[in-house]
Amino acid sequence: MMRAHVVHEAGGPNALVAQELPEPEPREGWVTIAVKAFGLNRAEAITRAGGSGDAVPFPRVIGIEAVGVVVDGGGTDLEPGTPVATAMGGLGRQHDGSYAEMTQAKRSFVFSITIPSRADGTPLSWAEVGAIPETYLTALGCLRTAGVLDPERPSEIVAANSAVPPRVVMRPGASALGLAVAQIVAGLGGETIGVTRSPAKADLLRERGMTDVIISGGDIADVIRERWPDGATAVVDTIASTASMHDDLAMLTDGGRITIAGSLADSYETGEVDGVGALMERVDIAFYASESIDTEVETPLLQAVLDGVAAGRFATGIDTVIGFDDLIAAHEGMEANRYAGKVVVDLTR
């Protein structure tokens with residue numbers, strides 16, 4: 001038996017019910033993983049509350065990413081004891097996910113990793129490793145979709161145009177995704193301006209890689225144009241309302257691109273999503289979903305990020321690390337927007 005948090009019916013944070021479940025049985029083509037840590041994602045809170053509709057049937061162990069070690073390779077090339085990460089691929093949605101001591105994932109969504117050590121010889125902790133997969137792979141995918149990264153070298157973190165350093169707007173900026181975008185862009189010699197409604201988070205965002213921070217819940221194109229007269233070369237927008245997207249277009253330079261990743265329009269109380277479909281038909285706006293993750297392409301990227309964290313080139317963006325029994329409180333914190341960065345659940349604590 002194993003410990004797990006199960007959502008039996010949609011609801012608030014208390015819908016997460018701690019209980020014992022049978023360990024997953026070995027399955028051909030699926031990798032059984034002893035979970036060591038996993039990051040929390042706002043998408044999980046949306047699913048828990050019923051926002052995923054019929055796409056996620058209950059009861060369900062939610063959780064869309066995890067890191068740990070292989071228990072059973074399911075007849076694949078992955079041997080027991082191999083350190084791995086997994087993300088998306090139906091995890092926590094079409095099948096039980098990471099809010100458990102063990103989980104299973106299709107081999108095509110499992111990344112074999114090496115846990116690197118810092119210069120002093122200490123390896124990254126499981127919590128640090130657990131902060132990376134979904135956040136950084138999504139950030140890299142968004143930047144690739146926005147034309148910031150070289151499409152001819154998809155397994156490398158290389159700028160698409162070395163002659164023009166990227167100028168990226170991240171809205172909102174006070175998220176693990178925003179901080180990862182800022183870290184990657186800084187590594188490319190570019191700048192990121194983050195947008196937040198919370199003045200209390202501004203200094204922290206600057207400390208974690210944002211070139212500048214704009215405190216606003218509305219239009220910011222004029223402010224961006226004052227800072228960058230030629231406009232932003234890319235925008236990553238996770239609010240995705242008609243208002244935010246029209247504002248994105250107003251700040252965009254000629255030839256620039258906008259990546260839409262999810263939608264927080266409801267939580268930003270814009271209520272303006274009716275025109276989003278028409279805007280998405282534009283050639284300078286594209287949607288990125290991490291369901292498109294390809295392990296052949298992304299495994300070297302994930303390893304490069306882990307190596308970069310160990311070397312001090314990237315930061316994990318961790319806001320707080322919690323134990324497995326603290327999930328309800330963490331979901332309460334997500335709903336209250338208390339965090340500026342990643343919340344990681346460490347099962348080794």
Side-chain angles (χ1 to χ4, degrees), residues 4-19 21 24 30 33 35 38-66 85-100 103-106 108-110 130 133-135 137-139 141-142 145 172 175-178 236-242 244-245 259-274 276-277 280 286-293 327-337 339 342-345:
H5 288 265
V6 184
V7 179
H8 291 272
E9 58 183 21
N14 284 317
L16 291 164
V17 178
Q19 64 183 85
L21 292 179
W30 290 64
I33 301 167
V35 177
F38 57 87
L40 297 189
N41 298 277
R42 189 171 289 271
E44 294 154 1
I46 293 171
T47 295
R48 185 213 71 226
S52 297
D54 294 339
V56 182
F58 297 128
R60 175 65 73 224
V61 177
I62 62 173
I64 63 174
E65 65 174 321
T86 185
M88 300 305 292
L91 189 69
R93 295 178 62 79
Q94 283 78 51
H95 56 89
D96 283 345
S98 60
Y99 286 22
T103 193
Q104 280 185 329
K106 299 173 186 176
S108 55
F109 286 90
V110 178
E134 172 69 12
T135 295
L137 291 177
T138 299
C142 286
T145 303
S175 65
L177 174 61
V236 178
D237 185 342
T238 63
I239 298 174
S241 69
T242 51
S244 71
M245 291 168 69
T259 296
I260 303 300
S263 177
L264 298 177
D266 287 345
S267 63
Y268 272 68
E269 300 177 347
T270 67
E272 300 177 31
V273 296
D274 291 342
V276 167
M280 290 298 298
F287 182 79
Y288 174 77
S290 52
E291 288 287 359
S292 63
I293 284 173
L327 270 169
I328 290 175
H331 271 247
E332 290 172 346
M334 281 199 290
E335 291 196 345
N337 292 315
Y339 306 119
K342 195 77 169 179
V343 178
V344 180
V345 180

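Side-chain atoms of His331 and Val343, non-hydrogen and from C-beta on, never get closer than 4.5 Å to each other.
The two residues Met334 and Ala45 come nearest to each other via the heavy atoms CE-CB, 4.1 Å. Between Val35 and Ser98, the closest heavy-atom pair is CG1-O, 4.2 Å. Between Gly178 and Ser175, the closest heavy-atom pair is N-OG, 3.0 Å. For the residue pair Ala176 and Thr135, the shortest heavy atom distance occurs at O-CG2, 3.2 Å. Counting all heavy atoms, side chain and backbone alike, Ile260 lies closest to Ala240 at CG2-CB, 3.5 Å. Of all heavy-atom pairs spanning Thr145 and Ala286, the tightest one is CG2-CB, 3.6 Å.
Here the side chain of Thr103 pairs no donor or acceptor atom with the backbone of Ile33 at under 3.5 angstrom. Side-chain N or O atoms of Thr47 include none that pairs as donor or acceptor with a backbone N or O of Ser52 at under 3.5 Å. Looking at Arg60, its side chain does come within 3.5 Å of a backbone N or O of Gln94 through a donor-acceptor pair. For the pair Thr86 (side chain) and Ala66 (backbone), a donor-acceptor distance under 3.5 Å is absent. The main-chain N or O of Glu134 is found under 3.5 Å from a side-chain atom of Glu65 such that the two form a donor-acceptor pair.
In this structure, the separation between CD1 on Ile293 and CE on Met88 is 7.0 Å, given to the nearest 0.5 Å. The distance from the CG atom of Leu177 to the NZ atom of Lys342 is 9.0 Å, given to the nearest 0.5 Å.
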What's the verdict on side-chain contact (heavy atoms from CB on, under 4.5 Å) for Thr259 and Asp237, showing C-alpha distance, side-chain angles and the deciding distance? CA-CA 6 Å; Thr259 296; Asp237 185 342; over 6 Å; no
Report task. Please test Leu40 against Val345 for side-chain contact (heavy atoms from CB on, under 4.5 Å), starting from the C-alpha separation and ending with a verdict. Result -> CA-CA 7 Å; Leu40 297 189; Val345 180; 3.8 Å; yes
**Item:** Steps toward side-chain contact (heavy atoms from CB on, under 4.5 Å) verdict (Glu335, Arg48)
**Value:** CA-CA 12 Å; Glu335 291 196 345; Arg48 185 213 71 226; 2.2 Å; yes
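With sequence neighbours left out, the side chain to side chain donor-acceptor pair (under 3.5 Å) criterion links Glu44 to Asn41, Tyr99.
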